[in-house]
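Below: one structure, written as structure tokens.
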Amino acid sequence: MKKLSISGTIVIVLCAALVAISSFTAIVDELKKPQIKWMTMQEAVDANKTVPKKIFFDVYTDWCGWCKRMDATTFQHTQIVEYMNKNFYAVKFNAESNKEITINGKKYTKKNRTHEFAVEMLQGKLSYPSFAIYDESKSNIGIVQGFKSAQDLEKILNYFGTNTHKKQSWVEYSKNFKGFTQ
């Protein structure tokens with residue numbers, strides 16, 4: 001076995017240090033990247049009492065591949081993160097959670113495989129991912145099902161976030177929408 005010269009050892013140590021610094025920089029950059037401020041349901045309800053906003057429920061399951069893909073892509077998109085944080089309280093809700101929750105005095109639990117609140121939010125149309133959007137008075141104003149790209153989700157968030165759903169049909173709105181993600 002050949003011995004490394006001192007200069008060869010220094011080169012190897014410097015290369016290793018550069019790789020470590022590069023990895024550390026990538027981690028720091030990822031930590032600085034804005035994230036959706038996911039809340040518990042109770043946190044969203046409490047926050048809504050002081051500063052009313054719509055509540056966006058991401059209804060998912062642990063086994064849902066498309067749910068994980070949305071977490072890794074759509075929910076990481078900078079403009080989606082910023083719009084969501086500004087205009088909605090965002091709540092992740094596991095449709096198969098074992099937790100008992102109480103909303104407006106009504107208790108919800110898991111029945112069979114699915115949580116009763118997920119069934120109510122999605123009006124029995126269970127598929128994942130799904131999204132339920134509630135207005136400031138906690139009324140369900142929209143249900144959206146399936147994986148959505150950043151462009152698709154932006155249109156949905158804007159439609160409900162600007163209250164356009166009150167004055168224009170989705171079809172009419174969709175024809176003319178030009179978003180920031182396009």
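Atoms considered below: every heavy atom in the structure, side chains included; atoms not considered: hydrogens, waters and symmetry mates.
Ring geometry for F131 against F75 counts as perpendicular: the plane angle is over 60°, on a 0 to 90° scale with 30° as the lower cut.
Here the side chains of H165 and N163 are in contact, with some heavy-atom distance below 4.5 Å. Here the side chains of I55 and V91 are in contact, with some heavy-atom distance below 4.5 Å. At least one side-chain heavy atom of K155 sits less than 4.5 Å from a side-chain heavy atom of S174. Annotation: side chain of F88 is in contact with side chain of Y83 (closest heavy-atom distance under 4.5 Å). For the pair M84/D58, no side-chain contact is recorded, criterion being any heavy-atom separation below 4.5 Å from C-beta on.
Donor-acceptor pairing under 3.5 Å is recorded for the side chains of Y173 and N158.
The distance from atom CD of Q79 to atom CG of L153, rounded to the nearest 0.5 Å, is 12.5 Å. Between atom OH of residue Y134 and atom CD1 of residue I141 there is a gap of 10.5 Å, rounded to the nearest 0.5 Å. With values rounded to the nearest 0.5 angstrom, N140 atom CG is found 5.5 Å from Q123 atom CD. Atom SG of C64 sits about 10.5 Å away from atom CZ of F147, to the nearest 0.5 Å. The CD1 atom of I101 lies 9.5 Å from the CD atom of Q42; values are rounded to the nearest 0.5 Å. Here the CD1 atom belonging to I80 is positioned 7.5 Å from the CD1 atom belonging to I36, to the nearest 0.5 angstrom.
In this structure, Q145 contributes its side chain and K125 its backbone to a donor-acceptor pair below 3.5 Å. Panel note: side chain S130, backbone S127; a donor-acceptor pair is recorded below 3.5 Å. Of the possible polar contacts, none joining the T102 side chain to the G105 backbone as a donor-acceptor pair under 3.5 Å is found. N94 places no side-chain N or O within 3.5 Å of a backbone atom of T61 that could act as its donor or acceptor partner.
Aromatic pair Y128/W66: centroids not less than 6.0 angstrom apart.
In this structure, K53 is positioned above the aromatic face of Y89, its NZ or CZ under 6.0 Å from the six-membered ring centre and within 45° of the axis.
Applying the side chain to side chain donor-acceptor pair (under 3.5 Å) criterion to S137, with sequence neighbours excluded, gives D135. K49 is linked by a side chain to side chain contact (heavy atoms under 4.5 Å, CB included) to V45, D46, counting only residues two or more places apart in sequence or in another chain. Not a single salt bridge (Lys or Arg N to Asp or Glu O under 4.0 Å) links E172 to another residue, sequence neighbours left out. The salt bridge (Lys or Arg N to Asp or Glu O under 4.0 Å) search around K167 returns none, not counting sequence neighbours.
Within the structure, salt bridge (Lys or Arg N to Asp or Glu O under 4.0 Å) pairs that include any residue of residues 96-107 comprise E96-R113, E100-K107, K106-E120 (at least two apart or interchain). Residues in residues 60-89 take part in these salt bridge (Lys or Arg N to Asp or Glu O under 4.0 Å) pairs, two or more places apart or across chains: D71-K92.
Screening F117, W38, F57, F56 for a ring-ring contact (aromatic ring centres under 6.0 Å, His included) with F93, the sole residue that qualifies is F117.
Residues M121 and Y60 are members of separate hydrophobic clusters, defined by side-chain heavy-atom contacts under 4.5 angstrom among Ile, Leu, Val, Met, Phe, Trp and Tyr.
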